[in-house]
Protein chains: 2
Amino acid sequence: MSVFLVDSLAQSDPDSLNASANSLAEWELATIELFVHAAQLIGIPKSMGQIYGLLFCSEEPLPMDAIIERLAISKGSASQGLKTLRQIGAVQTVYQHGDRRDHYKAELGLRRLFSGFIANQMGPHLDNGVRRLEHIAELTGQLENEARDVAEERLKILRNWHNKTSKLLPLVQKIL
Amino acid sequence: MSVFLVDSLAQSDPDSLNASANSLAEWELATIELFVHAAQLIGIPKSMGQIYGLLFCSEEPLPMDAIIERLAISKGSASQGLKTLRQIGAVQTVYQHGDRRDHYKAELGLRRLFSGFIANQMGPHLDNGVRRLEHIAELTGQLENEARDVAEERLKILRNWHNKTSKLLPLVQKIL
DNA sequence: GCTCTTGTTCATTTTTTCTTGAACTAATCG
DNA sequence: CGATTAGTTCAAGAAAAAATGAACAAGAGC
């Protein structure tokens, strides 16, 4: 009798386990891993991939406690990770009636995910690149003779690359 | 004036600044830095960015000694970096008459650079992603009732994302 | 054959990045 | 109010990634 009760509370078949507050189904684990790998591919910390993955799987928005508990990560990581995910628009906060805690849900639209990522992670670097190009052009202008010819040819290549790549982003966004 | 410019470009270590200033023109320094930043943006080590940048600037192919000396990097880094750059098709070896050393030159075609990078760095990860998706699908198939409904909806989203992104690469290659 | 040059490999060290946990602020509830 | 809970920040530790340099292989020139 008591054995049965303990069993049903602590651990039983995978389905009811899934319903309990602090464990992950296999498909969730696999999906979270998918996002962890994707995150690392684009240079985003593992913990952020985990958090996004968990929220992606969850039908209802989750409070931070649940994230911390289910992923077994620290409060600091969770807070930091959620902050950044919010900044790039990959998660949103949802206000749940009768609960003072913030609840978080994943953005599921690929286009939004992509443009948020670009705007916040790549964008600054690309702008920076433009400034650098201009600087190189200045330095090139100060050269003389053959040295200048070489430098100007390279500069032309860089400008060409910049043209092509800047046409790229709008197009990608159209497709996603 | 020019001191200020060089200062702002080189990482404030006086020794490497001097060593670099002796053999590299300002526009080369600036261009190399551009590539270092671009490399870090796509998750490639700094030294590889430096090496590619140097070769990009140089009209003639350079032997490894020259690269080591001008960039003030170790033999190990140079060898490793060149090996990887060769693998992804970003540099090629050139045989110079009467010189036993390999000489290296940068690939200047954007399309080739891009597809080499994809094929070697991203490609494997993407394939991996497909396998992961299939695995998630299996696990989802084993579920029952509402749990299954949720999981299948998420799986549909993932498949949709995969469709869109796989249409992307060919298109990008056409534009570059 | 021997030596000297060229280039690779890999264990160690250095640098960078990520995570943790505890101190702190804020603000809700009783 | 004071106690409790939610959430942030940041210094310190842990983990991961990259650079170094010395030992090693391969082979050209003498």
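Below, chain A is the first sequence line, B the second, and so on; all start at residue 1. Quantities reported herein were computed from a predicted structural model and do not represent experimental measurements.
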Can you tell me how far P of dA19(D) sits from CD1 of Ile67(B), to the nearest Å?
-> 15 Å
Side-chain donor/acceptor of Arg132(A) to backbone N/O of Ala30(B), under 3.5 Å = no
Mind running side-chain contact (heavy atoms from CB on, under 4.5 Å) on Ile51(B) and Ile73(B) for me, showing each step along the way?
-> CA-CA 9 Å; Ile51(B) 295 170; Ile73(B) 63 178; 4.0 Å; yes
Check each residue of residues 51-60 of chain A for a non-hydrogen atom within less than 4.0 Å of any atom in DNA chain C, then write out the ones that pass by number, or none.
-> none
Below 3.5 Å, can you tabulate the donor-acceptor pairs from side chains in residues 101-109 of chain B to any protein atom, sequence neighbours excluded?
from	atom 1	to	atom 2	distance (Å)
Arg101(B)	NE	Asp99(B)	OD1	3.1
Arg101(B)	NE	Asp99(B)	OD2	3.3
Arg101(B)	NH1	Asp65(B)	OD2	3.4
Arg101(B)	NH2	Asp99(B)	OD2	2.8
His103(B)	ND1	Arg101(B)	O	3.0
Tyr104(B)	OH	Arg86(B)	NH1	3.2
Glu107(B)	OE2	Gly109(B)	N	2.8

Rounded distance in Å - CG (Asp65(B)) to P (dC4(C)) | 17 Å
With sequence neighbours excluded, what pairs up with Thr140(B) under the side chain to side chain contact (heavy atoms under 4.5 Å, CB included) test?
-> Trp27(A), Ile136(B), Ala151(B), Glu152(B), Leu155(B)
Output all residues satisfying side chain to side chain contact (heavy atoms under 4.5 Å, CB included) with Asn163(B), sequence neighbours left out; order by chain, then residue number.
-> none
Measure from CE on Met64(B) to P on dA19(D) and round the result to the nearest Å.
-> 15 Å
Rounded to whole Å, CD of Glu69(A) lies from P of dT5(D) at a distance of 15 Å
Calculate the interatomic distance between Leu82(B) atom CG and dT9(C) atom C1'; express it in whole Å.
-> 15 Å
Measure from the side-chain N and O atoms of Asn128(B) to the backbone N and O of Pro124(B), and report whether any donor-acceptor pair falls under 3.5 Å.
-> no
Taking CD from Gln96(B) and C1' from dA28(D), how many angstroms apart are they, rounded to a whole number?
-> 18 Å
First of Lys83(A) and Arg101(A) reached from the 5' end of DNA chain D, by closest nucleotide = Arg101(A)
Sorted by first residue and then second, give each ring pair (Phe, Tyr, Trp, His ring centres under 6.0 Å) pair with at least one member in residues 38-71 of chain B; sequence neighbours left out.
-> Trp161(A)-Phe56(B), Phe35(B)-Tyr52(B), Phe35(B)-Phe56(B)
Would you mind building the protein contact string for nucleotides 16-30 of chain C? One character per nucleotide, 5' to 3', B for base within reach (heavy atoms under 4.0 Å), S for sugar-phosphate only, - for untouched.
-> --SSBB------S--
Atom CG of Leu85(A) and atom P of dG7(D): how far apart are they, to the nearest Å?
-> 15 Å
Within a strict 4.5 Å, meaning less than it, do heavy atoms of the Leu176(A) and Thr165(B) side chains meet?
-> yes
Side chains of Leu139(B) and Thr31(A): closer than 4.5 Å at any heavy-atom pair?
-> no
